[in-house]
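Here the structure is laid out as structure tokens; the discussion comes afterwards.
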Amino acid sequence: MILGDLLGTPVHDPDGGWLGRVADARFVLDGPPHQLMAEPRLLGLVVSPHSVASFLGYERNGLTHPWLLARILRWRHRGSFLVLWEDIAMVGPRSVRLRPGFTRYSTALEDRRQV
Amino acid sequence: MTSPSGPLPPVPRVAGRILDAQLHLMDRQVLDHDGVPVTTVDDLEVSGPALDVEIPPGTAPPVITALLTGAVLGTRIFGGRPPSSRLIRIPWKDVAEVEVVVRLGVSGEPLDASWVERWVRDKIIARIPGGRHDPR
């Protein structure tokens, strides 16, 4: 599938409750090694309840400057969370459904220098 | 389901490097192994999952198979995306490095992604007097 089709898709809990939209997809480079780089496997989806897409990633790093921009973007992406691939029950063209008992993880990037 | 209130737990530690698609890959410039610009990453192709099909627990996660590029200006403005068949694929196995730019481990010359530039060079620029050699 094409990842762009998934971004912005509404995310629902197992009972059909609205949780937000897919703002980003997180991959981890630990798949089967290729000649140059390992294959990136899907770790999970970043779900944002208040915005359609992610912008600049302020909610995922420790950057605080420029102050006003950081405050506005953090507020816009408030409540964002990451769900792991294991917690995704179904991906459809118009919605993503999570499994019962799914866990919300922080969207913070561990290595903040990456951004 | 964990409560949405309070700080969320960090993601369990993973061995490999983390790449967020929008943050680290999309819209980044793609350079070939000589540092020559090839294109930009307009989208990504992943190996799954199948749409509208229940994902059995324990299913292997999808992986990125290719970087996609193409004529997306119109669809960026007016919405939608070009048909999948019109998008040009750069296989992930050709990607050597992901930093501020995405570097390929191969030459950009034979890639489909740069066919417009090659066509303009060979069919138009080359027919202009003096167009077949470096400017002096």
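In what follows, chains carry the letters A, B, and so on, assigned in the order in which the sequence lines appear, proteins first and then strands, with residues in each chain numbered from 1. The structure displayed is predicted, hence computed values, not measured ones.
- No part of D42(B) comes within reach of chain A, as not one of its non-hydrogen atoms sits under 4.5 angstrom from that chain.
- The minimum heavy-atom distance linking G48(B) with M1(A) is given by the pair O-CG, 3.4 Å.
- If you tally non-hydrogen atom pairs under 4.5 Å between each of D30(A), V91(A), T107(A) and chain B, the highest count goes to V91(A).
- Using a 4.5 Å cut-off between non-hydrogen atoms, the part of residues 97-108 of chain B that approaches chain A consists of E97(B), V98(B), G105(B).
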Derivation of the side chain to side chain contact (heavy atoms under 4.5 Å, CB included) call for Q22(B) and V46(A): CA-CA 10 Å; Q22(B) 289 255 39; V46(A) 175; over 6 Å; no
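- Taking the charged nitrogens against the carboxylate oxygens, K93(B) and E39(A) have no contact shorter than 4.0 Å, which rules out a salt bridge.
- Contact of P49(B) with chain A is made through backbone and side chain together, with heavy-atom distances under 4.5 Å.
- The backbone N or O of A38(A) lies less than 3.5 Å from a partner atom in the side chain of W92(B), making a donor-acceptor pair.
- Contact of R94(A) with chain B is not made at all, since no heavy-atom distance falls under 4.5 Å.
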Test side chain to side chain contact (heavy atoms under 4.5 Å, CB included) applied to T59(B) and E86(A), step by step: CA-CA 8 Å; T59(B) 304; E86(A) 292 77 17; over 6 Å; no
L42(A) vs V63(B), side chain to side chain contact (heavy atoms under 4.5 Å, CB included): CA-CA, chis, key distance, verdict: CA-CA 6 Å; L42(A) 184 69; V63(B) 295; over 6 Å; no
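- With D24(A) contributing its side chain and D20(B) its backbone, the two residues share no donor-acceptor pair below 3.5 Å.
- The part of L68(B) that comes within reach of chain A is its side chain, from C-beta onward, which places non-hydrogen atoms under 4.5 angstrom from that chain.
- Both the backbone and the side chain of I2(A) come within less than 4.5 Å of a heavy atom in chain B.
- Remark: L23(B) CG to R60(A) CZ distance equals 5.0 Å, nearest 0.5 Å.
- Neither the backbone nor the side chain of A66(B) comes within contact range of chain A; no heavy atoms are under 4.5 Å apart.
- L19(B) contributes atom CG, which lies 6.5 Å from atom CE of M37(A) (distance to the nearest 0.5 angstrom).
- Separating the CG atom in L44(B) from the CG atom in L6(A) is a distance of 11.5 Å, to the nearest 0.5 Å.
- Of the atoms belonging to V46(B), heavy atoms from both backbone and side chain fall under 4.5 Å from chain A.
- With sequence neighbours left out, P66(A) forms a side-chain contact (heavy atoms from CB on, under 4.5 Å) with Y58(A), L69(A).
- T64(A) pairs by the side-chain contact (heavy atoms from CB on, under 4.5 Å) definition with R74(A), not counting sequence neighbours.
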Side chain to side chain contact (heavy atoms under 4.5 Å, CB included) between E45(B) and L3(A), worked out: CA-CA 6 Å; E45(B) 189 169 59; L3(A) 189 69; over 6 Å; no
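- The OG1 atom of T103(A) lies 10.5 Å from the CG atom of L8(B); values are rounded to the nearest 0.5 Å.
- For L84(A), the part lying near chain B is the side chain, with the backbone staying farther off; criterion is any non-hydrogen pair under 4.5 Å.
- Remark: L29(A) CG to I64(B) CD1 distance equals 8.0 Å, nearest 0.5 Å.
- Of the two parts of A89(A), the backbone and the side chain both hold a non-hydrogen atom closer than 4.5 Å to a non-hydrogen atom of chain B.
- Proximity to chain B is absent for every atom of T9(A), based on heavy atoms less than 4.5 angstrom apart.
- Within residues 74-88 of chain B, the residues having any heavy atom under 4.5 Å from a heavy atom of chain A are, by residue number, R81(B), S84(B), L87(B).
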